[in-house]
Amino acid sequence: MISFSHVYKTYPGANHALVDVNLNIDRGDFIFLTGPSGAGKTTFFKLLSGFDKPTSGNIKVLGDHVNALSSSAIPSFRKKIGVIYQDFKLIDDKSVIENVSLPLKVQGAKEKYIQKRAEEVLDQVSLSHKHRAFPVQLSGGEQQRVAIARALIHHPSLLIADEPTGNLDPSLAEEIMGLLEKVNAQGTTVFVATHDLEMVKRKKKKQVQISAGVVNAVP
Amino acid sequence: MQYLRLFFQQLYYSWTKKLSLQLTTVMVLTGSFLAVGLTLTALQNFYKAVNTVSDKFEVSVYLEDNSEDEKASKVKKIIESSGLFSEVRFIDKEQALNDFKTKMKSHIPSFILEEKEVNPLPSSFSLKMKKELNTKAGFEQLNRFASSLLTETQVDDVSYGQAWMEKYASFLQTYKTLSFGFILFLLASVILIIGNSIKSSISQRRKEIEVLELVGATKAYIRMPFILEGAFLGFLSASISILLSYFVYVSIVTTAKQNMGLLAADISVSFLNAPLCALMCFLGAIVGAMGAAICIQRLNTGWAAVNE
Ligand SMILES: Nc1ncnc2c1ncn2[C@@H]1O[C@H](COP(=O)(O)OP(=O)(O)OP(=O)(O)O)[C@@H](O)[C@H]1O
Ligand SMILES: [Mg+2]
């Protein structure tokens with residue numbers, strides 16, 4: 001379902017962010033990606049989600065050769081995944097509900113269905129009452145939850161979450177983790193980057209560690 | 001349908017968030033299209049004038065005073081076999097005199113020609129040139145034919161306002177070439193102006209475009225609103241410019257008629273016909289879409305990171 005083979009990512013200035021990454025993830029897994037700041041977690045997710053290309057190596061996700069996708073094939077790949085970005089990537093002049101609806105809008109889904117799903121996912125992240133607000137009117141944690149709702153609205157097969165609870169208080173963080181587990185239970189593969197080692201221990205899920213660009217699966 | 005909604009959204013953004021830039025753009029574009037419209041109007045009227053004049057345009061071949069009938073028919077054969085004329089009419093001395101009298105009477109009623117005098121008018125052929133020969137090349141052909149005709153012994157003179165018609169034909173040719181060059185130049189600048197306006201729309205929404213890409217929007221989804229915006233700018237400006245050029249046209253014609261009096265009464269001018277107006281609006285839309293299409297070519301490759 002996810003396979004990395006000999007993947008390297010080197011940023012300009014010989015900055016080796018990922019070094020020879022080899023990894024296989026099964027469908028339906030729940031995986032934590034851990035590692036210190038600057039280890040390469042976000043870089044790893046950028047390659048996984050087709051946001052950026054690796055310097056070398058092969059990446060296969062959901063049957064697509066992500067590193068070799070043509071620009072016209074990328075949209076259909078993106079429709080299969082949901083991504084929660086570390087910097088949220090919300091559109092400032094669109095309301096919460098408009099932001100959340102975007103993945104279904106670009107697919108040309110029916111307005112009624114979009115409305116229904118948007119309300120559902122906003123309810124799941126406990127933000128129904130703010131659906132008319134604009135991102136600037138929200139706290140960091142609220143923005144993060146909008147980003148989570150947007151990543152879930154189109155029922156992706158793979159959910160990639162880059163520190164989805166980084167801005168949340170412990171009880172809200174627990175709630176969101178619970179939501180991600182529920183999504184996982186429905187069959188979505190979930191990949192979560194986090195600094196919260198306590199939680200990783202508690203959840204007893206699979207874990208992939210990354211340190212200075214070197215990736216190791218924790219047994 | 002979806003694109004239409006996105007397009008209206010894009011229009012709303014542009015006309016609320018950068019109103020003054022939009023207005024400036026539309027004004028400059030309207031100015032350019034105005035120049036295109038007036039150039040075309042003038043061209044259309046010059047051509048119309050050529051047709052009106054050439055309807056009346058006649059070539060007269062005057063025969064020697066004592067030429068015999070048989071020789072006249074030889075001249076007629078030469079004229080007919082040239083293939084330049086659609087009508088060949090013989091006017092003998094008597095008829096020429098009658099024509100002359102009636103003409104003079106209508107101008108100066110008291111004019112009376114003394115009957116007993118000798119008829120000084122020669123017999124002649126009056127020829128109408130074929131319509132399709134109303135070109136520079138056609139007139140050159142006519143010139144050659146006229147000089148060859150003059151070598152015939154019984155032909156006294158060939159007259160057809162050579163110089164004037166020739167000048168007009170070559171003026172028209174030059175004007176046509178120049179105006180097409182001018183229009184091309186204007187259209188090129190229109191493309192640039194619209195391209196720049198679209199570029200500013202894009203940079204205004206750059207972040208949003210990235211997000212759209214990341215949630216799986218296709219190239220068409222992202223680009224179409226900008227292309228439609230470009231087409232709209234072109235169409236709008238072309239339409240406004242047609243209205244404006246109509247006012248310019250009317251005021252020029254009115255002043256001309258007032259100041260030139262009788263002279264103007266004979267000249268009939270007209271505004272761009274409906275098909276040409278439609279063509280201009282259509283052209284505006286096409287050129288606008290082109291301007292937008294050119295500047296969004298590198299807009300999104302699908303790889304958000306690679307765009308940055
Ligand atoms: N666009 C970029 N250009 C150059 N270097 C980059 C770029 N993005 C990341 N890097 C470098 O790559 C390395 C890994 O960065 P990355 O963002 O993947 O770390 P991270 O594990 O997500 O850290 P954090 O936990 O702080 O989010 C860092 O050394 C960083 O400086
Ligand atoms: Mg990171």
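The basis for the numbers below is simple: all heavy atoms, side chains too, and nothing from hydrogens, waters or symmetry mates. Just so it is clear: chains get the letters A, B, ... in the order the sequence lines come, proteins before strands, and each one is counted from 1. No experiment lies behind these values; they were computed from the predicted model shown.
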L102(A) versus V211(B): any side-chain heavy-atom pair under 4.5 Å? yes

Under 6.0 Å from the [atom1] atom of [X], do we count more than 12 heavy atoms belonging to anything else shown?
{"X": "K18(B)", "atom1": "NZ", "value": "yes"}
{"X": "F171(B)", "atom1": "CZ", "value": "yes"}
{"X": "R5(B)", "atom1": "CZ", "value": "yes"}
{"X": "K17(B)", "atom1": "NZ", "value": "yes"}
{"X": "Y11(A)", "atom1": "OH", "value": "yes"}
{"X": "K80(A)", "atom1": "NZ", "value": "yes"}
{"X": "Y221(B)", "atom1": "OH", "value": "yes"}
{"X": "Y175(B)", "atom1": "OH", "value": "yes"}

Residues 24-45 of chain B vs side chain to side chain donor-acceptor pair (under 3.5 Å), sequence neighbours excluded, gives Q44(B)-S270(B)

Among the options N99(A), D93(A), V83(A), L104(A), pick out the one with the most heavy-atom pairs lying under 4.5 Å from chain B. D93(A)

Segment of L90(A) engaging chain B (4.5 angstrom heavy-atom cut-off): backbone

Okay, F77(A) and chain B: the region with an atom under 4.5 Å from a heavy atom over there is neither

Heavy-atom pair with the smallest gap, counting every atom of [X] and [Y]:
{"X": "V215(B)", "Y": "V106(A)", "result": "O-CG2, 3.4 Å"}
{"X": "K219(B)", "Y": "S71(A)", "result": "NZ-OG, 3.3 Å"}
{"X": "A217(B)", "Y": "P75(A)", "result": "O-CG, 3.7 Å"}

From NZ (K105(A)) to CG (L6(B)), nearest 0.5 Å: 9.0 Å

Starting at CZ of F51(A), measure out to CD of E210(B) and round the result to the nearest 0.5 Å. 4.5 Å

Sequence neighbours excluded, the answer for salt bridge (Lys or Arg N to Asp or Glu O under 4.0 Å) partners of K94(A) is E208(B)

Residues two or more places apart in sequence or in another chain: which of them pass salt bridge (Lys or Arg N to Asp or Glu O under 4.0 Å) with D92(A)? K207(B)

Interface residues of residues 119-147 of chain A facing chain B - heavy atom cut-off under 4.5 Å: none

Under 3.5 Å, is there a donor-acceptor pair between the side chain of R78(A) and the main chain of E213(B)? yes

